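Source: prediction; values computed, not measured. Remember, it's 1-based here, ligands and their atoms both numbered in the order they're listed.
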Amino acid sequence: MRHFLRDDDLSPDEQREVLELAARLKADRYAERPLAGPRAVAILLDKPTLRTQLSFAVGVSELGGYPMLVDGRLAQIGVRETVADTARVLGRQVAAVVWRTFDQSRIEEMAAHAGVPVVNALTDQFHPCQVLADLLTLAEHRGGPAGVAGLPGRTLAYLGDGANNMAHSYLLGGATAGLHVRVGTPAERSPRPEIVARAEEIAALTGGSVVVTSSVQEAVAGADAVATDTWVSMGDATAAEEAAALFAPYRLDARVLALAAPGAVVLHCLPAYRGNEVTADVLDGPQSVVFDEAENRLHAQKALLVWLLGRLS
Ligand code: NVA
């Protein structure tokens with residue numbers, strides 16, 4: 001039984017396999033029907049969502065299944081009953097569980113008791129499905145004729161909150177893909193040291209590398225992709241003014257983008273706050289691929305589900 005709780009739950013070879021399948025499913029959307037029946041997939045949402053709800057609901061439907069959407073405010077998982085009891089109930093009736101929630105320990109407990117594959121649709125610590133979509137997008141735009149196989153050796157810079165879920169997932173998922181991952185963030189918002197160490201360990205195997213720096217110049221110079229994210233993540237209690245003071249030097253504007261490689265792409269998981277972490281001219285400009293990225297959530301997650309369901313034993 002395999003789960004996808006964090007980016008490094010897929011080995012480099014497995015990640016490549018999922019991304020290649022995602023590219024194939026993008027070209028032929030109904031090629032795989034492992035949920036035909038329809039079998040249900042529970043999609044549990046404890047935090048706000050648009051892309052995640054949409055892409056998993058559409059994806060499960062296209063795989064022949066039934067997406068059972070559960071509003072976390074109604075289910076109150078861990079409040080009305082334990083995560084473990086919820087997992088046991090779900091596992092008797094659905095083919096897989098997809099969960100957007102708070103602390104990583106919750107999804108780990110779900111995976112320990114569900115008896116079906118569990119997928120992380122964002123926690124406080126990781127957003128691994130988003131990074132699969134970002135890697136597919138990067139492969140399409142900067143992978144050259146090799147596509148997914150062209151990812152190793154590319155450089156991805158991330159600017160902003162280095163301690164949030166996107167930063168951690170870029171580190172782990174990017175290193176797994178053989179990318180040079182550079183995180184530009186103020187020292188007080190550095191990624192967790194154990195995640196940096198794990199990313200370095202993976203990068204040593206894949207030929208990638210990891211840099212965490214407070215210098216925007218060092219992070220972005222020559223990069224093939226520049227990514228950013230909201231300054232205040234869901235569930236983060238940091239006040240907006242405090243975040244603005246901290247992260248304004250890391251705003252992705254035209255001057256910063258000009259430091260990247262010619263033709264570098266701009267990534268953002270969305271929702272975007274124009275004028276905060278990214279300027280409107282950059283987000284809406286010719287180098288932005290954010291709506292390809294949003295669409296690729298669908299293809300990447302379908303491939304992931306097909307892959308996980310194919311490994312039940
Ligand atoms: N870091 C953001 C990602 C949103 C998709 C958050 O957790 O709110």
Novice: Short question: side chain of D9, backbone of R6 - any donor-acceptor pair under 3.5 Å?
Specialist: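 Pair found, side chain donor or acceptor close to backbone of R6.
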
Novice: Give me the atom names and distance for the closest heavy-atom approach of A227 to Y170.
Specialist: CB-OH, 3.4 Å

Novice: At a 4.0 Å threshold, what atoms of ligand 1 neighbour a non-hydrogen atom of N164?
Specialist: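 Once the distances to N164 are compared, the set is 1 (N).
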
Novice: Any nitrogen or oxygen of H127 lying under 3.5 Å from a nitrogen or oxygen in ligand 1? Just yes or no.
Specialist: no

Novice: What is the closest protein heavy atom to atom 7 (O) of ligand 1, and at what distance does it sit?
Specialist: N165 ND2, 2.8 Å

Novice: Which bit of L122 gets closer than 4.0 Å to ligand 1, counting heavy atoms only: side chain, backbone, both or neither?
Specialist: side chain

Novice: Need the ligand 1 atom indices (1-based, order shown) with element for anything under 4.0 Å from a heavy-atom of L270.
Specialist: 5 (C)

Novice: Please report the closest heavy-atom contact between A203 and V210, naming both atoms and the distance.
Specialist: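 Closest pair (atom of A203, atom of V210, distance): CB-CG2, 4.4 Å.
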
Novice: Any N/O of M234 closer than 3.5 Å to an N/O of ligand 1?
Specialist: yes

Novice: With N296 as reference, evaluate Q130, Q301, K26 under the side chain to side chain donor-acceptor pair (under 3.5 Å) test and give the passing residue.
Specialist: K26

Novice: Quick one: does R100's side chain have a donor or acceptor within less than 3.5 Å of a partner on P48's backbone?
Specialist: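 A pair under 3.5 Å: yes.
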
Novice: Return yes if some donor-acceptor pair links the side-chain N/O of T82 with the main-chain N/O of G78 below 3.5 Å, else return no.
Specialist: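 No, because the side chain of T82 does not come within donor-acceptor range (under 3.5 Å) of the backbone of G78.
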
Novice: Does an N or O from T230, backbone or side chain, lie closer than 3.5 Å to an N or O of ligand 1?
Specialist: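 No.
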
